[in-house]
Amino acid sequence: MVLEGKTALITGGSSGIGLAAARALLDSGARVAITGRSTERLEKAAVELGGDVLPIDADVTSLTDLANMRTKLESAFGSLDIVFANAGVAMGTPLATTDEATYHKIMDANVKGVFFTVQAVLPLLQDGASIILNTSWLNQIGAPGRAILSASKAAVRSFARTMSAELLERRIRVNAVSPGSIETPIHQGRGQTEEEFRAYAERVGAQVPVGRMGRPEEIADAVLFLASAASSYMLGAEMVIDGGRSEL
Ligand SMILES: NC(=O)c1ccc[n+]([C@@H]2O[C@H](COP(=O)([O-])OP(=O)(O)OC[C@H]3O[C@@H](n4cnc5c(N)ncnc54)[C@H](OP(=O)(O)O)[C@@H]3O)[C@@H](O)[C@H]2O)c1
């Protein structure tokens, strides 16, 4: 119970990596708030998680929602020790055909959303708090058709450095997790059957040195490490958890 008595916010905590991180933090003794846009998904996740979880409807692209989120966190928790700015979207953006609306959809959720999430909760953060940002292995490679997603995640990687420098006086550490291809609903296109998804997961897994896609729990373990005092000498850093894909 390394996080006993701590409070945590996880944006996009209703699914995939955020949901797995919520479970890991709860199991380690923290009180956890999760956010998302869909009330239905949030409520389902809260039931699944049980325990001391606070679901908050908030779209990270809306500053009004983020201000309301802060008010709810303040009345429920008083202050925050851990923030996992995880909410994000992913979609292909071929150079020749991507429209402006898609550009804004990705940049608003992945870049603006992370920046203003941290800004919104700054007054609630305890000195010595830990902020974890969710970037992607794509932030450092040139994957065709992924220009905007990769650039958005490179911005998030950069935030870990600049925010950490800016919050140094308050001993607030900002680090990033950098997942490879992880089996979550983000990969499931509309109308895809389970069989089609399995075939997709096998194709992607074959491109990874360890031979499979990652599991959300494998990212959650890194989040737990970065949230806890075990990572006290790490700041501005990135933990790449990608089955060796960007290294081998
Ligand atoms: N899975 C991967 O392979 C992979 C790899 C690298 C990085 N990542 C990053 O990991 C993060 C989590 O992704 P995931 O794979 O766990 O996907 P996921 O299962 O689709 O979960 C995304 C979560 O974010 C929430 N969300 C999306 N847009 C939001 C918004 N504007 N405001 C608030 N919440 C929002 C979703 O809930 P609602 O839809 O209800 O809002 C959901 O809870 C993302 O930032 C993603 O880019 C994933």
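Just so it is clear, the model here is predicted, and its values are computed rather than measured. Numbering of residues begins at 1 and proceeds along the displayed sequence. Whatever order the structure lists them in is the order used to number ligands and atoms, beginning at 1.
- Atom 33 (C) of ligand 1 has as its closest protein heavy atom Ala58 O, 3.3 Å.
- Within a 6.0 Å radius of CD in Glu4, more than 12 heavy atoms belonging to other residues, nucleotides or ligands are found.
- Ligand 1 lies within reach of Thr135, whose nearest heavy atom is under 4.0 Å from it.
- Counting only heavy atoms of the protein, atom 38 (P) of ligand 1 lies nearest to Arg41 NH2, 3.4 Å.
- Among protein heavy atoms, atom 13 (O) of ligand 1 sits closest to Ile186 CD1, 3.7 Å.
- The closest non-hydrogen atom to atom 22 (C) of ligand 1, taken over Gly88, Ser62, Gly13, comes from Gly88.
- Checking Thr11 against Asn86 by side-chain atom types alone, no donor-acceptor pair falls below 3.5 Å.
- Remark: the backbone N or O of Pro179 is not paired with any side-chain donor or acceptor of Asp242 at under 3.5 angstrom.
- Looking from atom 9 (C) of ligand 1 to the surrounding protein, the closest heavy atom is Asn134 ND2, 3.7 Å.
- Looking only at atom types and distance, the side chain of Asn139 has no donor-acceptor partner in the side chain of Ser136 under 3.5 Å away.
- Formation of a donor-acceptor pair under 3.5 Å by the Ser130 side chain with backbone atoms of Leu226 is found in this model.
- Scanning Ile182, Thr11, Ile17 for the heavy atom closest to atom 48 (C) of ligand 1 points to Ile17.
- Of the N or O atoms in Gly18, none lie within a sub-3.5 Å distance of an N or O in ligand 1.
- With rounding to the nearest 0.5 Å, the separation of CG in Leu235 from CZ in Arg173 is 7.5 Å.
- For atom 31 (N) of ligand 1, the nearest protein heavy atom (residue, atom name, distance) is Asp59 OD1, 2.9 Å.
- Using modelled atom types, one side-chain atom of Ser75 and one backbone atom of Lys72 make a donor-acceptor pair closer than 3.5 Å.
- Each salt bridge (Lys or Arg N to Asp or Glu O under 4.0 Å) pair with one or both residues in residues 191-216, not counting sequence neighbours, appears once here: Glu183-Arg198, Arg212-Glu218, Arg215-Glu218.
- Relative to atom 35 (C) of ligand 1, the option among Ala109, Ser38, Ala87 with the closest non-hydrogen atom is Ala87.
- Remark: minimum distance from atom 14 (P) of ligand 1 to any protein heavy atom is reached at Thr184 OG1, 3.4 Å.
- Using modelled atom types, one finds a donor on one side chain and an acceptor on the other under 3.5 Å when comparing Arg245 with Ser181.
- The side-chain hydrogen bond (donor to acceptor under 3.5 Å, both in side chains) with Ser152 is formed by just one residue from the set Asn110, Thr93, Thr135; it is Asn110.
- Distance from atom 29 (C) of ligand 1 to its nearest protein heavy atom, with residue and atom name: Arg37 NE, 3.4 Å.
- Of the candidates Ser181, Ala21, Gly180, Ala45, Gly180 brings a heavy atom nearest to atom 5 (C) of ligand 1.
- Using a 4.5 Å heavy-atom threshold, the side chains of Ile10 and Val32 count as touching.
- Remark: the backbone N or O of Leu125 is paired with a side-chain donor or acceptor of Arg170 at under 3.5 angstrom.
- The shortest contact between atom 18 (P) of ligand 1 and any protein heavy atom is with Ser15 OG, 3.5 Å.
- Nearest to atom 46 (C) of ligand 1 by heavy atom, out of Met69, His187, Lys153, Glu183, is Lys153.
- Taking every non-hydrogen atom of Ser14 and a distance limit under 4.0 Å, the qualifying atoms of ligand 1 come out as 37 (O), 42 (C), 43 (O).
- Using a 4.0 Å heavy-atom cutoff, Pro185 is listed among the residues neighbouring ligand 1.
- In summary, the atoms of ligand 1 found under 4.0 Å from a heavy atom of Gly16, numbered by their order in the structure, are 16 (O), 19 (O).
- Considering each of Ile106, Asn110, Asn86, the one bringing a non-hydrogen atom nearest atom 12 (C) of ligand 1 is Asn86.
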